[in-house]
Structures are given as C-alpha cells and as structure tokens.
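Structure record follows, encoded as structure tokens.
Lettering follows sequence order; numbering is per chain, from 1.
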Amino acid sequence: MPLSQKPMRYGHTEGHTDVCFNDAGSCIVTCGSDGDVRIWESLDDDDPKSINVGEKAYSFALKNGKLITAASNNAVQIHTFPDGVPDGILTRFTMNANHVAFNADGSKVAAGSSDFLVKIVEVADSSQQKTFRGHDAPVLSVSFDPQDAFLASASCDGSVRVWKIAEQICEKSWPLLQKCNDVVDAKSICRLAWQPKKGKFLAIPVEKVVKLYRRDTWEQQFDLSDNFISQPLNVVAWSPCGQFVAAGSVGGCIVVWNVDTQECLERVKHEKGYTICGLAWHPEGSQVAYTDTEGNLGLLENVCGADRKQSNTKASAPASKDYDDLFDEDDNEDFLNRDFIEPQSSPKAVTNYEDEDDDLTVASGRPRNRGAIIEDDENSIDLGLLKASSAPDKQGEEEDQESLPPVPPQSSTQRPFYDGPVPTPRQKPFQSGSTPVHLTHRFMVWNSIGIIRCYNDEQDNAIEVEFHDTAIHHAMHLPNSLNHTMADLSSEAILLACESTEELVSKLHCIHFNSWDSNKEWTVDMPPDEDIEAICLGQGWAACATSALLVRVFTVGGVQKEVFSLPGPVVSVAGHGEQLLVVFHRGTGFDGDQCLGIQLVELGKKKRQILHGDPLPLSWKSYLTWVGFSAEGTPSYVDSKGVVRMLNRGLGNTWTPVCDTREHSKGKSDHCWIVGIHESPQQLRCIPCKGAKFPPTLPRPAVAVLPFKLPFCQTATDKGQMEEQFWRSVLFHNYLEYLSQNGYECDESAKSRASQEQQNLLMKMFALSCTLEREFRCMELAELMTQNAMSLAVKYASRSRKLNLAQRLSELAAEKSAELAAVEEPGEEEEEDFRSHLNAGYSNTPTEWSQSKVRSLQRQQSTEASSEAEEGEEEEDVSEEAKPMTHDPPQCRNATLSKSAKAVIVSNSQGRVNPFKVSSSQKDPVAHSTSILDNMTRLPKKNPAPTRRTTASKEKGPVIKPLVPKPKSKQAAAAAFFQPRTPSSEKKTTTDEKGAKTEAAPPETQASTENGEDKRPKTGFQMWLEENRSLILADNADFEETEIIREGMARFRVLSPEERMTWTERAKGREAGDSGERKKRKHPESVNGDGQESPEQKSEENNSSAKKPKPADQMGIQKLSAFAFKQS
Amino acid sequence: MDPAEVEFLAEQELVTVIPNFSLDRIYLIGGDLGPFNPGLPVQVPLWLAINLKQRQKCRLIAPEWMDVEKLEQIRDQERKEDTFTPMPSPYYMELTKLLLNYAVDNIPKADEIRTLVKDTWDTRIAKLRLSADSFVRQQEAHARLDNLTLMEINTTGAFLTQALDHMYKLRTNLQPGESAQSQDF
C-alpha cells in the first residue's frame, strides 16, 4: 500500500510542539506552547483529552504510564498517563529544559536545558542525578543510547557531544552545527537519535543531511541525503525496528530512508510548508505522526508499507521484548502459552463470543489464564496489538478507531486469542442537546425552549438559564453548588440533577418557575447507591432514569408518581406533553454497533405503552447523539452518522430517516448539532459545527435550519422528487391525526392545507404518468386520491384522450364513494349481518340478503378483485348482453364461478336465451333459480328496481364481473383460476341460497328455464309483475319492494300455465326488440344505466329509499361518468 | 444629499437577528417580514433590527463581512491599490456605525472592527481627496471613479461640485480681469 498523508488538523496554538505515541500505539500524544499535553485517540478525535502542565510545554517524553514534561517553570515534571495527575517534580534547572528523553527501559530521564546543563535523573528516585557540564550554550536536544552507556546531546554552541554516562565525561564532540545564542535563533533544533536496540548508529540532522556515526569508533559512517530536502533538517526519528530513519525539515519536508540500503523511500511535503518540529513513529512502525511549529498535527500512514514485510518479523520480535518488561513475568508466560494453545480451540469458538467465554470457564486446566485476562486488561491490550502487528493485514483498524463512540478505546476490549465480532463498549447516558461534561463551559441543554449553560472554572461554578422567548421567563443565573451535570428545560420548569459524590447522594432539583405559589423549588434525594443518569421534563411531570434501572416519574410540583423498571441501562430519556421516551441498552452491540431499545409511554389520562422496548434502528457503527420529540410531539432521534429518524405513526410506529445532516455539512469533520425538530413548518434546527461534533459556548453559535429529505430513489427526476415530497408531506402530517386522536385540539386549516398539498402532488404525479403513458401507474396514484382529486383525474384522463383510463378511474371513483358510504353507515352493515344469520333457515328472497353479505366481503377484497372485474369489463364492452350487469356483479360472479367448473355449455346458455336448453339447465336447477331470483330482484331498467334498497349503496360496487359471454375455454380457465381466491363464506352463502331456493322457487324453474340464465332480458314473471304491480300496491299500500315481489310471486303462481306461457312469450318477443336497441347504445348505458334510472326510481320507490340518502353519491358518479364519456 | 438621508437608505439593508419573542408574519408596504420564532435567525431590515434591539427583543448577528480577518484583508487591499476596491456592502460605513452603536454587545471584537472600518474609510476618503485634487489641478473635464459608496460620494460630492462652480466662475472672471488689470489701481 502506498503512503497516505492524512490532512493536518489543529492541535495546539502556534509555537513549538512535540509529538509521540503511547507505548501501545493506541493514541497520539502532543504537547504545545499552550502548555497542554493532548491525548488523541485518533487523528479525527474531536475531543482530545488535555492535561495542562504549565504555561508552555517545551518537550515531553512518555513511557510506562509516566509523562515527563519540560515546562516553562524551569522544572521537569512527572504526570501519570493517561490520567494526567501531577506526580511530582523530577528536577529543576535555572532555565527551562529544551528536551527530555527516556532511556530504553524508562528508568532514567535525560534533560537538556537552556542553562547549558544536561542532567540524567532516575525516575524512581529523583535524588539520583548526574549532571553533565561542557556545553557552552543552551542544549538543544538529548538522546539516550539504548544500551544506557552513552548520552548524546546537541547544543547551540554548534557541538554535538557524546557523554559516557557512568563516568560523566565527554566521550566525543563534533562541531557540526552553526553557532547561535539561543534556542529560538537556532536554525535547527537538531533532534538527534540513536538507532533502537543495539544503538549501532547515532543519527544527527546536520544541515540538509542526516549524518550517521558509528558507535564506539565515533566515525561518520555515511550520510543520508536527498535532493528533495531544500532546507535544514530539524528532527530525526528511527523506526522502532531500527531499519528506517525519518527526518523532518524546517521547510516542511519529511523524508524516510532505509538505513541498510541508504535509499530514500518516502518523500512527503507538509501541506503548508511549515517547520516540522516533532516526529514520532508508531510502535508498530507503519505510521509516523508529526507536528509543526504552527501547532498542527499530521499523520502519515503506511510508511514503507512494501518494505516492511521483510522486516516484519524482525520488528515485532524485539518489540515484544520491550513489552515483556511491562508484564508481570508469570502472566506474561501464560499469555504466550495461551497464544500457542489457543489456535486449536479458537476456530470452534470464534463465531460466538459467549462460547469462548464458556469455554474458558469449563476448561479447568487453565483457570489462571482466565484470571489473568480479566484482572490485567493492560496486558491483553498490548498482546492484542502485538498480534495485530504481526498480522500482515490491519485493514479496518483505522475504521474502528474513528467510528467508535468517545468512550474507552476499542483496543481495550480486544482479546489476543479471539478475532470474531468484538463487543462495542456501551455508550454512556447523555442528555440530548448537551455538550460533554468535562468542558469548563458547556451547554447543559439547548432545546426549543431555551438554553442552559454551565460554567465551571476557578472563579465561578454557575448555571445560566436563558429562554429563547423572553415572554416565558427572564434569564436566570443559578449557583451550581451541588455540581449539577444534567439539566432539562420546559416552558414551566427547569430540572437539574447531579450524580452522587462520596458525601452526598444523587439529587434531583426542580425549579418550577411557572408555579403560582411562592415556593418554586423542590429537591428529591435518590436512595443511596442510586445515581440519576438521565432526566427529562414533560408537561406537568418530570422523570429521571437511574442507575438502578428505574424510571421515576414526579409531578412538576414534586409529588412522586409512577416508578417502573427498565430492561437495560438507560441511554437517554425525553419528554413532551404526556409522552415519555426512554432509550436503553437492550444488549451488547458488536463491531461498533450499539444495541438500543426504545420505550414510549403515555402518562396522560389513559396511561399506556406505545413502543414496548422495540429495537432502535441506528446506522452502521454509530451511536445515539440526540433523542427527543419534534415540536409537534413525534419521537425522533439522531445518530452519530448524522441521520435523523422520525417515528412514522402511519406505518405501525416504524422509523423513517428524514434527513441526513452529513449531506449538508461541507467538510468531513463538520457536524450538525441538533437543537430541535419542527414538523410544521418542516425545519430541522441545528448548529453547524466546523471541525467538531458540538459547538463552543463562545462565540455564541447561531442556529441554522436544514430541510428534510426522505431517502427516496432518483430524487433528481421529477417523479422521484414528487414522490419524496408526497410521502414527506404524509409523514410530517401524521402528527395531526395523532393529536386529534389524543383529544388535543388541532388546526383544521393545517389539516386541509396538508391534504391540499398532497392532492396537488398526486395530481402532478398523475399528470406526469399520464404523459409517460403509464396508465397502470395512473390508477395506482388515483387510489391515493380523494374524491375531488379523483374527479379531476378523470377529467384529465378524458381530456388527454385516455378513455380506457378514464373509464377505470370513474369506476374506481364509484368504488371509493361506495366505500365511503359504507363507512358512513355502519348500522346498516350490522343489520345485514344480523340478517345473514337468519338467512340459512328462511326466506323467499334469500339472495338479497346473502347477496349483501357477499358484497361486503367482496368490498374487502377490493383491489385484487377489482382488477379481475376490470378484466371482465373489457369483455362487457363487446358483449351486448353485458349492460345491465353492472347491477349486481358479485351475484353474477357467483353464478359464473359455480358454473365454470361445470361446463362450457352452461355458460354458453347465459349468453342467449335458449328455450331448448331445458335439459342442461335442469341439471343445475339451483344455479338457475339463483339467477332467476336475481333477475327478479334486479330488473335492469323498466322494472322499478325492487331491491334497490339494499343494493343501492353497492350498485357501483367494486366488482363488476359480467357473465361470461363467450364461453371460451380460456375464460373458463381464468374463472377457475380466480375461484380459489373467493372467500369460502361466499361459497357458503351460495349453498345457503341453493337450499333456500330449491324450496322457495320450484314453480319458477319452469318459466325460468325458458329464459335460461339470462338475467338481462325480462322474464315473463317480471313483465307480469310490472303490469300487476299497481294492483298489488293498491291492495297493500305499505308493502316494501321485496314484499311486493313476494306477493307478486304468489299471485303469479296462481295463474294458469297457459297464462304464464303467454307472458313468457311476450317477454321473449320483447327482448328481441330490446337487444337491438341496446346494441346501439351499448356501453355508455352500462355505466350510466343506474344513474339515469335512479331519479324515476326514486319517485317510485319513495318509501323504500327514504331511509337511505344515496342519491347524492349517485349524482356525483353520474356527473363523473357523464363527464368521462362526453368526448366519446 | 444629506448624510442622514443616506443613512435612511442604509436602514433598508437586511440583517439577521435572533428574536426572543414569537410573532407571526407581518405585512408591510416594503414586503413581508417574519415569521419571528424565538431563537431562530430571521432577516429583517436594519431599522427594525435596531428598533427591536433597543427594546431588547432580539440579538443581532453581525453581517458576514463584519469580521476582523476579512476587514483586515479589505483594508490591506485598499491600501495597496491606487483605485477604489469594491466594498463588502454598499452601506458598509453606515451599517458599521449603526450596528456598533446599538448592538455592540452582540458583535465580537467590536473595537477592532470599528478601527478597521475607520481605517478603510480614511484610506478611501484620502484617495478621493487626492483624485479630486488631481482632477482640479489637471483641469480635467470628467473623471471616472468606480466602487464608491453613496456615503463617500456624499462626503465630497456637494463640496466638489460647488467648488468647481466657484472655480469656473473665478476662471471666467479671470479673463476680463486680466484685460482690466489696471482696475486694481
């Protein structure tokens, strides 16, 4: 892999800096002229740990958890690492020390000072000092011989000296450098270095070359030089393997040589050409960290990547020797053993971490190993790294580093023997909208109400509360004597909480400024050993989640209310109105992922749980950074990858990503710090942070507003864009429904505006699909439309000459209005159900009732069936017989279905009246009778629609399946195909009908057989009924339509066969005439039929239709369809 | 034109404020303003911003160019070049003056900004005087000055034209005067 230069980043203020890696190589440590030593977990670490060591830090050295710094107070101090606790002063000079260095085993420290002295001090016992006098000017740098025999130093007097440590005498002196008066005037700081391990060479940067002197003989062996170097070299550093030398120049060049071949391997130029003043190799050797005099930190990766391979073995072996010193010897051996033993058992266990652990406990032969692993985590880190270093491929390590939450570094959980999924450290609890606790000036919360800041410096420990809207309350300044770390703010109260200390228990402190009494504050002490970890405020209540896995709810006045247990350690809580949202750890995540669960509880009048600890979807390798509610009360959250997700209440409480804030930030290290989400208007309020994850308190950050965008495909196209807009609009208006459901008053105008917007978008999409000739898609879109929009769509379709589409649309419109009507009349529905119960045993007109049931079933079948219907409808166009069929499709379908299996002939007979078909129809009397009764109940035109009352609402029912006019085998097959889909209940009703019919209608069979199964032309009975209807009505004025028919049937039966025959003949003759006429009018009528006849029917069946105010609907449809076909 | 009039015009410039009150959109002859949401930046004309600020109803956000680094650059550029350089805002002087008078607490490094803008202003006015001087000396008929702001034109405009008038009169009077030199005595 080629060398890659990571972009520089700001590390310290301008001035001299120094850099090195810690022993394990897990972090980069830098010091700068701001007096801070910073520990960077990676180059992208936005929140490095800072240790202040003085006003200025000139140099530092790090080994064995000891940090030695040369600060401006002329002292060389010790701090512990990584905690940064001062651990005393090692030695003092009369001027500041310029360079400090450890010896190989870390037992001694050498320091060179501006007072011309070089000192060597024992770290363990600072009284044992050796002073080397001889330089005539400030000492620039010092370096220990790895074998502890010599010490090299460079000075402003131009000399480089080698001292014999034991005798404290100067062994050798070379006048190599230019003389100067002070360090600041020196051309080069001349950071010389001994080759690690043997110390065979001493490398000294002199002008533009690195001179290598051989140990003992002190003769110059050779020079390392390169044309690339245009200015004097400042620093030299050996790779840990001793094979490479890196040097940094005043002009910003970094060059790496292979010492064996003296060949220059890498040349890198500092991106701004600043002076390199710090250079350090990673203990594994492939990375070089460097700093410049402007305080920037940089990193080179894969240094000498190709050449390293040969030296790998060499490199790691001595390195491990180094680490050996760190370990307790026994443990170390165990680890080494383990390393060898493990491979046999690990393949079995790799897949499962738990397995592995079990393995260990069971294997009684190695209890000590296990103990060692658990007790001595540090060891396992080191070994893990060693192992990693010997593995040729270390890809992914970098990735892990940067994606980890700012909690313990990844490596601490690494086990040397296990390379399966690695458990992720659990993210710590946090308050949404707060910045890290360790900052001296921080935001405790920033939400839509206001801002709470916390100042925690020498002069002041205070909390400042500021309200965005000063009408709520004026700003407040509170002392923070209890050291509160958590806060939340609502329009009625401020809630603060602190963790327990050694003397004090954890406390919840509420300032209820909205209270009308004079006592505005209350505090609650948690039980001992229970720490508050997260708090939130809702409307009239406050809640806190504690380390005892409890959520405690209080009223805003301080009354304790519900307490409930959490399934896992809390991550964050949030409140809004009556809703309480709790995010907790559901389990352990692996490989950088967190495993979180979420609970949503309503604490209002009807207390209920809406989300029952469901898994919380997060982006890959991310953690939660913000959780809360939109201003309208929809739960939302943001993860560390910048993806904002919102609860979609319209889709079974799923989570929809609504914004990716990364798309809006310019640089890679820029982040958006969320402060609020608003659904109306759609605003994501955040603070853009340059090169950081959170904003500083000063200068006061400004809020920016980001738009939402659902991650739809192809949003560059009109189609994708409109789809995105539509669904976003749907999603962002879910809250209206939720609010109205929960008894909040909500803005009707907002609702109508939303629907208007959505319908507009649908219309646009519809038009677009129309122009693209995507008629099926048009239909799909139309299904999402409301009635009004649908009529517009019909209009549009017919205008754009898409008649087929227009027709389907009008059917769809009809279906929709029917559905609407059905919803409006739930009482009716029930009644029908009740009737269907009775159905089985009794009735002269069972069809009517069972029919209605079938209808309602079929309505549920909806789309699937309607596509069928449409298919059938095509044929209707062709068939002359088809017209009246719109009246009662389901029934026809029943008939068709029951017959389809039987034979082609039967269906054939349906097409035309065939008086000779007696035998065949008698085979299936049941079916016939069904159809006959159908005929009676559904007389198409002249008959004043006897059953209108029940069927009126469904007349435009979804399924418009005609009789099969042409008995092609294909169609029969098709029918058979559909059959399985019809619900069994439908069949059942059919059989019910059959049973009933055989009893009720035997006399008719005769007559009806003559008419065949044709339903459209009138039967003799119907004609007779027409004539005699008035008579019946005269006798029984209050008869309903069904009763009229019943009565009529009774009377018809009384007639002599001859009379009946004449009626039948009349019917036939008439039909012949009719059919011709119908042929001409054909299709339009089939659709218009109902509409046209409805007015007259209305008058006729006044009494029956009185109950049902259907006409309005019908009129609508009529208009629609009339409109659709005006053009044709 | 009066400097007060120029300032009046400058008050139409839009600046960003963060209101601490809530108010729906307001409809004015000059256009709609708002809506005002507490804590959310909104653009309003300077006159309203100052009014709100005086009533402590908002926080002002300094315009983007009102930044020490940018102003230093502008000043240096202005000093380097002989001609006038384009200014970040046509009302930079008025904006600076008004904002720094009324909202000094919301603008970081206000003093430095004041000095920098004044420096730039002085440089430009000096240039203007210089060019006016050479214009008069060389008795040119016309001159072209780019990138001048209204306020700058206003500082010398009235005076220069009047002075030119006077000079013209003097010159035209000079001719007959020469012939009648003896009148002195």
Side-chain angles (χ1 to χ4, degrees), chain A residues 10 14 433 441 443 445-453 464-476 489-491 628 630-632 666 672-688 690 695-707 747 749-750 753, chain B residues 14-27 32-44 46 48-72 95 99-100 102-114 116:
Chain A
Y10 171 83
E14 288 169 31
H441 294 192
F443 290 111
V445 65
W446 183 322
N447 60 20
S448 55
I449 303 296
I451 304 165
I452 300 183
R453 272 171 303 210
E464 242 175 43
V465 187
E466 188 188 313
F467 295 84
H468 293 314
D469 192 342
T470 43
I472 296 177
H473 202 271
H474 55 79
M476 276 186 261
L489 181 63
S490 78
S491 52
S630 72
E632 286 76 12
K666 286 171 198 111
C672 287
W673 194 67
I674 308 296
V675 296
I677 292 175
H678 290 243
E679 287 177 81
S680 166
Q682 293 178 17
Q683 288 178 335
L684 178 65
R685 298 186 183 174
C686 65
I687 296 171
K690 235 180 187 161
T697 52
L698 280 173
R700 203 188 156 94
V703 177
V705 171
L706 297 183
D747 194 1
S749 68
R753 241 181 295 127
Chain B
L14 291 181
V15 293
T16 313
V17 298
I18 298 176
N20 59 17
F21 60 95
S22 184
L23 188 69
D24 224 357
R25 195 176 276 273
I26 50 175
Y27 304 96
D32 302 348
L33 298 177
F36 298 91
N37 291 312
L40 208 61
V42 62
Q43 289 226 318
V44 295
L46 185 60
L48 182 61
I50 287 172
N51 184 286
L52 290 174
K53 177 70 198 171
Q54 281 177 323
R55 291 189 288 145
Q56 300 196 329
K57 289 280 181 196
C58 76
R59 256 176 336 107
L60 265 161
I61 293 182
E64 210 184 329
W65 53 266
M66 206 174 275
D67 169 74
V68 172
E69 237 168 78
K70 286 199 177 119
L71 286 173
E72 267 173 359
L95 280 176
L99 289 180
L100 290 183
Y102 295 104
V104 73
D105 50 334
N106 295 147
I107 296 171
K109 301 190 182 170
D111 290 338
E112 278 178 67
I113 287 170
R114 203 193 297 269
L116 283 167

Criterion side-chain contact (heavy atoms from CB on, under 4.5 Å) on Val703(A) and Ile18(B), from CA distance to verdict: CA-CA 9 Å; Val703(A) 177; Ile18(B) 298 176; 6.0 Å; no
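Using a 4.5 Å cut-off between heavy atoms, Val705(A) touches chain B through its side chain atoms alone. Residue Pro19(B) touches chain A through its backbone alone, counting heavy-atom pairs closer than 4.5 Å.
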Scan chain A against chain B and return every donor-acceptor pair whose distance is under 3.5 Å.
{"residue": "Thr470(A)", "atom": "N", "partner": "Asn20(B)", "partner atom": "O", "Å": "2.8"}
{"residue": "Thr470(A)", "atom": "OG1", "partner": "Asn20(B)", "partner atom": "O", "Å": "3.2"}
{"residue": "Thr470(A)", "atom": "OG1", "partner": "Asn20(B)", "partner atom": "OD1", "Å": "3.4"}

